[in-house]
Amino acid sequence: MADTATAPASARGPISYAPFTFQQPVRYSRPARIAIEGPSGYGRTPWALKLGQRLGGRMAVIDAERGKAAEFAKTIPFTHLVLSDDFSPNRLVDALASAAAIRADVVVIDGHSSFWSGAGGLLDLVGQDTKPGPDGKDAAWRKNRPLDRKALEALLAYPGHVILTLRTTNETLIENDEAGRLIPVRHSVKAQQRDGLEYEVDLYATLIDAGVLRIAKSSIPAQPIGEVLEDPDRIAKDISAWAQAGEPLDWAEFVRAVEPDTALDDLIELRERMHAARASHMMLPGPKEVQRLEKILEDRIKAPLAHVHAALQVWDNREGLLHRLSVAEGEGVGRARVKPSETEGPQVLRDWIIARGRTLAGTPPTPKSPTPPDNSTGEQLPELPPFEPVGLPVDPDQWTDEHRALASVRNMAHQTWNVPEELRTTLGVAEKQGVSPAEVLDADTQLTQRLGDLLDARIRLLEAGPDTSDE
């Protein structure tokens, strides 16, 4: 069989390259997207809340129905967000991002139609931007359709189950009841929502009577089209089984992307997992605003690395390093943990630059170092001599990774010996590297102590204020 590079192509000769790469498919477990439509009074809200409760986990309700969901709060636990007056698609994106930030496993958007036809919804925005002329309405749609797509992407990428309730345009028909009497019966004709929403969700259902649900579209084999349900128990079990099938993926872990203490290596790992999970469109509240997860990760990875490279370019210039530190602090990335070289463990960017600046200034800890607070006797705290790790080989070539990590923390501690805030950061680095339990020899007392205990004691000593216990 001919390979891709030489396979003949009818009328155009051999194919010289392969622009795409095919791979074996992997089915990842993922949460479900469910839409429930129906006339007023048929029970959209209780059906959605009961289904969300049975799916399990923490449930959040984005309420665009004037707080109606609160009526069921005594029997169904959930966290509640009421939106009113302005139902622009951007507010829906912000609300979903806020739900992701609290790691809600299930989100019910009660009254999702409001973001389409409500005050400030998409139809309102199009109407406001429509100008006189033959192309006026088309231009307004071109301007606002990206907002609709953005909201849809946020909905589809949310890292948990999403249940929508939709209002419908209804038609009343005269029909015979069971006793043969003529009565008016309301029927759903069309959901108040964008065309084609049923293609975007995994299960689409219509309330055909009070509390009676009929499935109109389903990607879940155990729930075929036409199934009529009056209770959410069985459908919830089928949805959960379908959602959990495949390779497991902890979607809630992506929220770590916006947590300020997440290490740089973890952010890089999250980016790789994000692409595997097709989660690049997921929206989260970032350091500045609600952004796509891909953008948040890109910015948070790029900024500290850029400052590391910039610092290395001015490595022998103390003023240049201090300027670089100032810029990093201004961008809020000074506390990012970075790995400056292949031989060093992760360090806090700020401490790494400060340590180098002190080395260049030739100001190791001496009695001229910043004066610590007075102790309870009113005397100046003495300068404690440095400490040495126990059993550290004299020849660095004989050091193991554990030795190098301990020596790195020792050096950081020497340079921050009289500043409690920086010493606390050093202790945090030691604990994250797993070296805080290592035994070291305190040169002042000649006692062997745990590194973590020694640094902790030093921090408490530096932060001790006047003794007011007798007052």
Side-chain angles (χ1 to χ4, degrees), residues 31-84 87 92 95-96 99 102 104-118 155 158 160-170 172 185-193 197-198 201-218 220 222-223 225-243:
R33 305 290 178 261
I34 303 160
I36 299 174
E37 68 172 22
S40 175
Y42 275 31
R44 297 188 308 269
T45 301
W47 237 103
L49 293 177
K50 290 176 183 177
L51 177 57
Q53 181 186 29
R54 285 159 175 76
L55 287 174
R58 184 177 189 179
M59 181 164 61
V61 176
I62 300 172
D63 195 331
E65 294 280 6
R66 299 180 177 85
K68 184 173 67 175
E71 299 173 11
F72 307 93
K74 290 185 177 180
T75 56
I76 301 176
F78 58 87
T79 55
H80 199 200
L81 171 66
V82 180
L83 298 180
S84 59
F87 298 104
L92 176 58
L96 284 168
I102 64 171
D105 301 291
V106 181
V107 173
V108 174
I109 306 177
D110 193 28
H112 186 257
S113 297
S114 296
F115 299 100
W116 176 258
S117 56
L155 188 153
Y158 183 79
H161 300 295
V162 178
I163 304 173
L164 316 175
T165 69
L166 307 173
R167 295 185 177 187
T168 57
T169 301
N170 305 316
T172 302
V185 179
R186 286 180 300 163
H187 292 275
S188 299
V189 177
K190 180 179 174 60
Q192 295 179 23
Q193 189 48 249
L197 179 65
E198 62 271 18
V201 298
D202 304 305
L203 190 141
Y204 193 100
T206 302
L207 284 162
I208 57 176
D209 203 346
V212 181
L213 198 71
R214 182 181 184 276
I215 297 177
K217 176 263 172 93
S218 175
I220 302 170
Q223 289 296 323
I225 294 174
E227 187 88 355
V228 176
L229 304 162
E230 297 185 16
D231 187 276
D233 280 333
R234 185 167 63 83
I235 189 175
K237 294 177 182 177
D238 292 337
I239 291 171
S240 295
W242 173 84

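A quick note: this is a predicted structure, and the numbers were derived from the prediction, not measured. These numbers come from the heavy atoms of this one structure, side chains and all, not from hydrogens, waters or symmetry mates.
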So, Lys217 side chain and Glu198 main chain: donor-acceptor pair closer than 3.5 Å or not?
yes
Heavy atoms only: give me the nearest Trp47-Leu229 pair and the separation to one decimal.
CZ2-O, 3.9 Å
So does Arg54 pair up with Asp233, basic N to acidic O under 4.0 Å?
yes
Interatomic spacing from CG in Leu213 to CG in Leu51 - rounded to 0.5 Å:
9.0 Å
Do Arg58 side-chain atoms and Ile102 backbone N/O form a donor-acceptor pair below 3.5 Å?
yes
Kindly give the heavy-atom pair with the smallest separation between Gly56 and Val106, and that separation in Å.
O-CG2, 3.5 Å
Closest heavy-atom contact between Ala64 and Phe87?
CB-CE2, 3.5 Å
Backbone of Pro31 reached by a side-chain donor or acceptor of His161 within 3.5 Å
no
Roughly how far, to the nearest 0.5 Å, is the CD1 atom of Ile163 from the CD1 atom of Ile62?
12.0 Å
Using modelled atom types and a 3.5 Å cut-off, is there a donor and acceptor pairing between side-chain atoms of Asp238 and backbone atoms of Gln223?
no
Tested for side-chain contact (heavy atoms from CB on, under 4.5 Å) against Leu166, the lone hit among His112, Gln192, Arg44, Lys190 is His112
For Lys68 and Asp63, the nearest pair of non-hydrogen atoms, with its separation, is N-OD2, 3.1 Å
Is the backbone N or O of Lys237 less than 3.5 Å from a side-chain atom of Ser240, with the two atoms forming a donor-acceptor pair by type?
no
For the CD1 atom of Ile235 and the OG atom of Ser218, what is their distance to the nearest 0.5 Å?
7.5 Å
What is the minimum heavy-atom distance between Leu96 and Tyr158, and which atoms define it?
O-CE1, 3.4 Å
In Å and rounded to the nearest 0.5 Å, what is the CD1 to OH distance from Ile34 to Tyr204?
13.5 Å
Please determine whether side-chain hydrogen bond (donor to acceptor under 3.5 Å, both in side chains) holds for the pair Glu37 and Thr206, giving the CA-CA distance in whole Å, both sets of side-chain angles, and the decisive distance to 0.1 Å.
CA-CA 5 Å; Glu37 68 172 22; Thr206 302; 2.8 Å; yes
So, for Thr45 and Ala69, which heavy atoms are closest and what is the spacing to 0.1 Å?
CG2-CA, 4.2 Å
Interatomic spacing from OG1 in Thr165 to CG in Asp110 - rounded to 0.5 Å
4.0 Å
With rounding to the nearest 0.5 Å, note down the distance linking CD in Glu227 to CG in Leu203.
10.5 Å
Main chain of Arg33, side chain of Asp202: is a donor-acceptor contact present, judged purely on distance under 3.5 Å?
yes
Would you call Gln53 and Pro77 a side-chain contact if the rule is heavy atoms closer than 4.5 Å?
yes
